[in-house]
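Letters A, B, ... mirror the listed sequences (proteins, then strands); counts begin at 1.
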Number of protein chains: 2
Amino acid sequence: MKTSADVYVAACPSRVALELIASKWTLLILPALAEKKRMRNNELMRRIGGVSQKMLTQTLRDLERAGLVLRIDHKTVPPWVEYGLTPLGRSLSRTLTSLDRWVEKHQAELNGGAR
Amino acid sequence: MKTSADVYVAACPSRVALELIASKWTLLILPALAEKKRMRNNELMRRIGGVSQKMLTQTLRDLERAGLVLRIDHKTVPPWVEYGLTPLGRSLSRTLTSLDRWVEKHQAELNGGAR
DNA sequence: ACAAGTACGCACCTTTTGGTAACTATGAAA
DNA sequence: TTTCATAGTTACCAAAAGGTGCGTACTTGT
């Protein structure tokens with residue numbers, strides 16, 4: 001079903017981009033990748049913590065499609081795949097990192113999200 | 001069902017905060033509120049566009065509970081309710097606004113989120 | 001012969017998100 | 001007396017997000 005909101009969003013490309021970026025995983029993955037030039041799947045999992053293999057892969061693919069993340073597959077067995085940021089991704093990661101840092105710094109002042 | 005990810009998140013308060021902030025609506029509402037000291041429900045709806053009454057109210061309540069948004073109910077009929085930012089909200093909105101601006105500026109370089 | 005290691009893809013299922021529509025309150029105006 | 005306005009709330013429903021478990025490929029070490 002197509003709602004009026006869909007029509008609006010379709011007419012406004014930045015909304016599509018915003019939804020990609022406004023994801024918990026994107027907000028964690030990009031800053032994580034910014035810490036090192038290249039990182040493997042395993043390492044990303046450990047750094048981020050709490051992310052499932054499925055979501056990590058899925059988000060990385062979305063980011064790759066968007067042109068923010070680079071995927072380097074060495075085509076070996078066992079698999080050796082590295083991820084890095086494109087220049088665009090590096091640019092965005094600067095803003096996201098500052099957002100992450102804000103959250104870390106002010107989390108104590110925020111009342112817990114308990115409903 | 002409680003998964004291992006839940007346990008992790010519970011142990012890490014900044015994750016809870018991040019999930020509140022990593023919402024499409026939060027990313028739009030806070031910067032919108034930053035443009036004016038006080039704003040009414042109707043005006044927010046128009047400024048943001050594409051948000052339903054339900055989601056707007058719900059997100060505003062979450063943000064209020066977190067201490068980012070101020071809700072001033074004049075208790076009149078018809079209702080007159082205004083929203084504004086707390087100092088903490090104003091502080092966060094600066095980072096979010098810069099994120100919004102990044103998206104606007106670079107949306108053309110981003111490949112559409114089409115799957 | 002067999003297990004380990006890596007980065008997945010897929011199927012199945014539950015939970016969360018979010019939309020729509022209908023309902024609420026109440027004083028003022030027509 | 002009926003209508004309007006505003007800012008909700010609620011119930012119901014569809015869609016999307018996201019978890020778990022299983023299968024896969026192939027090489028190297030035991």
(message) Between C1' on C:dG18 and NZ on B:Lys24, what's the gap in Å once rounded to a whole number?
(response) 9 Å
(request) Taking only the side-chain heavy atoms of A:Asn41 (C-beta and beyond), determine which of C:dG18, C:dC8, D:dG8 contains the nearest atom. (result) C:dC8
(message) So if I take every side-chain heavy atom of B:Ser52 and compare against D:dG8, C:dT20, C:dG27, which nucleotide ends up nearest?
(response) C:dT20
Donor-acceptor pairs are to be reported for all side-chain atoms of residues 69-79 of chain B against protein atoms at under 3.5 Å, with residues two or more places apart or in another chain.
from	atom 1	to	atom 2	distance (Å)
B:Arg71	NE	B:Tyr83	OH	3.3
B:Asp73	OD1	B:Lys75	N	2.8
B:His74	NE2	B:Trp80	NE1	3.3
B:His74	NE2	B:Glu82	OE1	2.9
B:Thr76	OG1	B:Pro78	O	3.0

(request) Provide, to the nearest angstrom, the distance between the CD atom belonging to A:Gln53 and the C1' atom belonging to C:dA7. (result) 6 Å
(message) Checking contacts here: which listed nucleotide (C:dC8, D:dG19, D:dG8) is nearest the side-chain heavy atoms of B:Arg61?
(response) D:dG8
Ignoring hydrogens and angles, write down the donor-acceptor pairs under 3.5 Å from the side chains of residues 48-55 of chain B, residues two or more places apart or on other chains.
from	atom 1	to	atom 2	distance (Å)
B:Ser52	OG	B:Met55	N	3.2
B:Gln53	OE1	B:Asn41	ND2	3.4
B:Gln53	NE2	B:Thr57	OG1	2.9

(request) Measure from the side-chain heavy atoms of A:Val77 and tell me the nearest of C:dG18, C:dC8, D:dC26. (result) D:dC26
(message) So if I take every side-chain heavy atom of A:Pro79 and compare against C:dA7, C:dG18, C:dG27, which nucleotide ends up nearest?
(response) C:dA7
(message) Measure CZ/A:Arg40 against P/C:dT6 and give the value in whole Å, please.
(response) 6 Å
(request) I would like to know whether B:Leu20 and A:Leu110 meet side-chain contact (heavy atoms from CB on, under 4.5 Å); could you show each step before the answer? (result) CA-CA 11 Å; B:Leu20 169 65; A:Leu110 247 34; 5.6 Å; no
(request) Taking only the side-chain heavy atoms of A:Pro78 (C-beta and beyond), determine which of C:dG9, C:dG5, C:dC12 contains the nearest atom. (result) C:dG5
(request) Kindly point out which of D:dG8, C:dG9, D:dG18 is positioned nearest to the side chain of A:Met55? (result) D:dG18
(message) Quick one, A:Leu92 with B:His106, criterion side-chain contact (heavy atoms from CB on, under 4.5 Å). Give me CA distance, side-chain angles, the key distance, then yes/no.
(response) CA-CA 9 Å; A:Leu92 176 55; B:His106 295 89; over 6 Å; no
(request) Identify whether any heavy atom of A:Asp73 sits under 4.0 Å from a base atom; if not, whether one sits that close to sugar-phosphate; answer base, sugar-phosphate or nothing. (result) nothing
(message) Side chain of A:Tyr83 only, heavy atoms from C-beta on: which candidate in C:dA7, C:dA11, D:dG8 is closest?
(response) C:dA7
